[in-house]
2 protein chains.
Amino acid sequence: MSPATVSNAYNRPDQLSAELREQIFDTARRLGYAGPDAMARGLRRRRAGAIGVLYEDRLSYAFADPAAVLFLQGVSMATEDAGLGLLLLSGAPGAERDPEAVRGSVVDGFVVYSMSDGDPLVEAALERRLPAVVVDQPRIAGLPFIGIEDRESARSVAEHLIALGHRRFGVVSFAGSPDLFSGIADTARQEAAAYEVTRSRLRGYRSALEAAGVRWEDVPVYEHHESTTEAGRAAAEALLSRGPRPTTILCLSDQLALGAMEAVRSMGLSVPKDISVVGFDDVPEAARATPPLTTVRQPHVEKGALAGRILLARIREEDLPEPKLLPTRLVVRGSTAPPGDRF
Amino acid sequence: MSPATVSNAYNRPDQLSAELREQIFDTARRLGYAGPDAMARGLRRRRAGAIGVLYEDRLSYAFADPAAVLFLQGVSMATEDAGLGLLLLSGAPGAERDPEAVRGSVVDGFVVYSMSDGDPLVEAALERRLPAVVVDQPRIAGLPFIGIEDRESARSVAEHLIALGHRRFGVVSFAGSPDLFSGIADTARQEAAAYEVTRSRLRGYRSALEAAGVRWEDVPVYEHHESTTEAGRAAAEALLSRGPRPTTILCLSDQLALGAMEAVRSMGLSVPKDISVVGFDDVPEAARATPPLTTVRQPHVEKGALAGRILLARIREEDLPEPKLLPTRLVVRGSTAPPGDRF
DNA sequence: ACGTTTTACTTAATCGTTTCAGTAACGTAT
DNA sequence: ATACGTTACTGAAACGATTAAGTAAAACGT
């Protein structure tokens with residue numbers, strides 16, 4: 001029995017008689033043959049049947065981050081339609097990033113999701129010369145990019161607060177660099193950030209505030225290496241205990257903002273009467289919070305779906321129009337109000 | 001230059017002189033060689049560097065289900081520690097389940113997460129004779145099983161309501177079979193369920209109620225093929241509009257229960273004063289709801305982590321003690337109270 | 001009956017590695 | 001000077017499929 005015939009039995013039933021096919025399956029069962037080996041088949045056919053998603057942090061953290069989950073949901077919609085699997089790859093936090101998993105991962109292409117400039121994992125992925133798309137960051141010449149106008153979006157939310165009359169600001173930022181730093185980030189550190197998104201949003205705030213005559217140097221930026229409610233809480237507590245106390249806190253993510261609201265409350269103050277709080281992302285939790293959070297909506301699911309579709313097109317060597325930036329929108333809810341006058 | 005030497009340059013630096021190694025890397029760069037091909041390497045080494053997770057429904061639905069996300073978080077903790085990727089595989093809803101992706105997926109083992117009896121995807125995975133573990137369902141002889149005491153846990157929450165004095169019950173169930181049925185499920189359908197978990201939990205309710213003298217045939221069970229808040233809402237509305245109106249609604253998941261609470265409120269009734277509602281899972285949202293939801297806690301993350309660890313042990317051919325069922329606990333919160341007497 | 005197409009298989013090359021078993025060349029102990 | 005152990009590399013056989021090309025037999029048209 002030639003291997004070619006066995007292969008045909010599994011892959012091209014029309015190439016052989018039905019009886020021989022049955023006979024082959026019978027003997028396969030008897031011999032404990034489990035059907036064509038996925039890896040050997042992939043090697044010969046030059047396709048892996050899966051796309052890889054690179055995530056900055058631990059996956060366990062991705063699953064705890066609503067924005068990441070929504071994004072993955074979008075990507076999965078695209079891969080599922082194509083009958084592909086979704087391979088999640090991630091880096092350990094901190095420095096010990098081991099690109100081996102990326103080098104050895106059996107995929108047809110990569111989605112790079114929000115990683116830092118010069119990340120070894122990204123470099124390992126690019127070296128493989130597979131089709132790839134980048135989402136949010138880093139910007140890499142020659143690769144399709146899916147993202148939003150971070151700078152403009154951040155500016156719009158800051159302008160909203162300016163319009164309400166606020167002049168004393170505090171900012172809570174997620175990581176600017178993958179060095180696990182937490183604390184007040186001076187302008188030098190802000191500008192040196194390895195995360196494009198962090199840089200852009202801070203610049204957006206800055207331009208809005210400076211346009212209103214607020215000196216950026218006087219605005220404390222508390223950077224926390226995580227983007228969780230706990231981080232937001234800690235950061236906001238730090239900002240609120242320094243003088244002069246800000247009347248509003250700008251947060252780079254909703255998770256941080258939700259934590260900041262907790263901090264405000266735990267200090268006996270009220271949102272938005274005493275302190276206004278804004279976020280960024282418009283995750284579902286933002287609307288459900290009390291008070292509901294003023295934030296910037298960005299289309300997480302669509303971002304994932306678009307990234308998936310563009311990657312698939314690249315893999316199939318179709319060419320899709322170069323993606324443009326996705327739309328965002330300022331969503332004003334109950335967490336912002338004119339500054340109280342009790343200070 | 002022999003291929004063996006190139007291979008050694010990448011895999012065993014000690015096998016060749018440092019200068020030749022450098023020279024090889026140089027030429028590799030010049031020729032655009034991206035390093036050892038992942039698939040060929042996997043074929044030769046007999047390892048894929050990833051484990052597959054089989055999910056019943058669309059992945060986009062998995063990412064929307066807090067319990068599934070927590071579970072995946074647990075699995076990812078185990079795979080990450082081992083430097084493996086996590087390959088997510090899923091079925092389309094309804095009948096058109098195409099096992100091709102499962103057959104062709106390049107993985108070292110499978111986690112079967114809460115699938116129906118006789119699912120073609122599960123069968124395809126088992127045919128591959130790779131290491132596998134099953135979580136929640138289906139029970140398959142010879143495979144390690146990770147789950148909880150569904151029947152006993154369901155019984156305990158029903159007993160809690162009995163103890164409060166309730167005698168008129170309504171039940172909201174998620175899918176009993178993968179046929180997309182929604183509506184009142186009679187006992188015949190309940191017993192014929194292809195989902196072990198559905199069967200067990202309903203039996204648990206039943207035994208508690210019958211022990212208190214409530215005829216199970218009089219308890220309407222509304223089955224919805226999805227386990228979402230919308231489904232719970234629709235199901236509860238149906239239950240509350242039939243006579244005699246139940247004083248409490250037992251839900252097979254927290255998502256359903258959260259929806260049921262919405263339904264109660266939208267009918268101008270109050271939880272728990274008019275209607276008590278209970279869930280199952282204790283997802284984070286349950287504690288945050290108003291009123292906070294009485295439910296059964298099960299350790300989703302641990303379940304995932306344990307499944308991952310056991311699968312890894314199987315892959316490495318270590319033998320780990322056969323896993324026992326994980327503990328659950330009745331968590332009484334504000335959504336349950338003695339029945340109101342206004343009916 | 002003869003040439004031609006179809007059917008049903010088989011042969012052999014290929015995908016890109018890894019790895020075992022060599023084999024020279026060289027330094028070292030006796 | 002002989003034997004022996006290292007070091008640095010190469011040859012060739014897997015790993016387990018797919019697939020283009022080839023072949024023998026059967027079916028077909030005239």
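Lettering of chains follows the sequences in order, A, B, ..., and the numbering in each one begins at 1.
You'll find the ring centres of B:Phe174 and B:Tyr195 outside the 6.0 Å limit.
Within the 4.0 Å cut-off from OP1 or OP2 of D:dT18, at least one side-chain nitrogen or oxygen of A:Ser7 is found.
Place B:Ala40 and A:Thr5 on DNA chain D by their nearest nucleotides, and B:Ala40 ends up nearer the 5' end. Each of A:Arg46 and B:Arg12 lies near DNA chain C, and the nucleotide nearest A:Arg46 is the one positioned closer to the 5' end. Residue-to-nucleotide proximity on DNA chain D shows that, of B:Asn8 and B:Arg44, the 5′-proximal contact is made by B:Asn8.
Using a 4.0 Å heavy-atom cutoff across all strands shown, B:Tyr10 reaches no nucleic acid atom at all. Counting non-hydrogen atoms under 4.0 angstrom, A:Leu43 reaches a base of the nucleic acid. Across all strands, A:Gly35 comes closer than 4.0 Å only to sugar-phosphate atoms, never to a base (heavy-atom distances).
When distances run from any side-chain atom of B:Ala4 to the nucleotides D:dA17, D:dA12, C:dA12, the shortest one goes to D:dA12. Distance from the side chain of B:Pro3 is smallest to C:dT18 among D:dC9, C:dT11, C:dT18.
A donor-acceptor contact under 3.5 Å is not formed by the side chain of A:Arg45 with the base of D:dA17.
Between A:Ile24 atom CD1 and C:dA8 atom P there is a gap of 13 Å when expressed in whole angstrom units. Distance B:Asn11 CG to C:dT19 P: 7 Å, rounded to the nearest Å. Atom pair A:Leu20:CG and C:dC9:C1' shows a separation of 8 Å (rounding to whole Å applied). B:Leu16 places its CG atom 8 Å from the P atom of D:dA8, with the value rounded to the nearest Å.
Using a 4.5 Å cut-off on side-chain heavy atoms (C-beta onward), A:Ile310 and A:Ile146 make contact.
With salt bridges taken as basic N to acidic carboxylate O contacts below 4.0 Å, one links A:Asp117 and A:Arg199. Checked for salt-bridge contact, A:Asp108 and A:Arg314 miss the test: no charged N lies under 4.0 Å from a carboxylate O.
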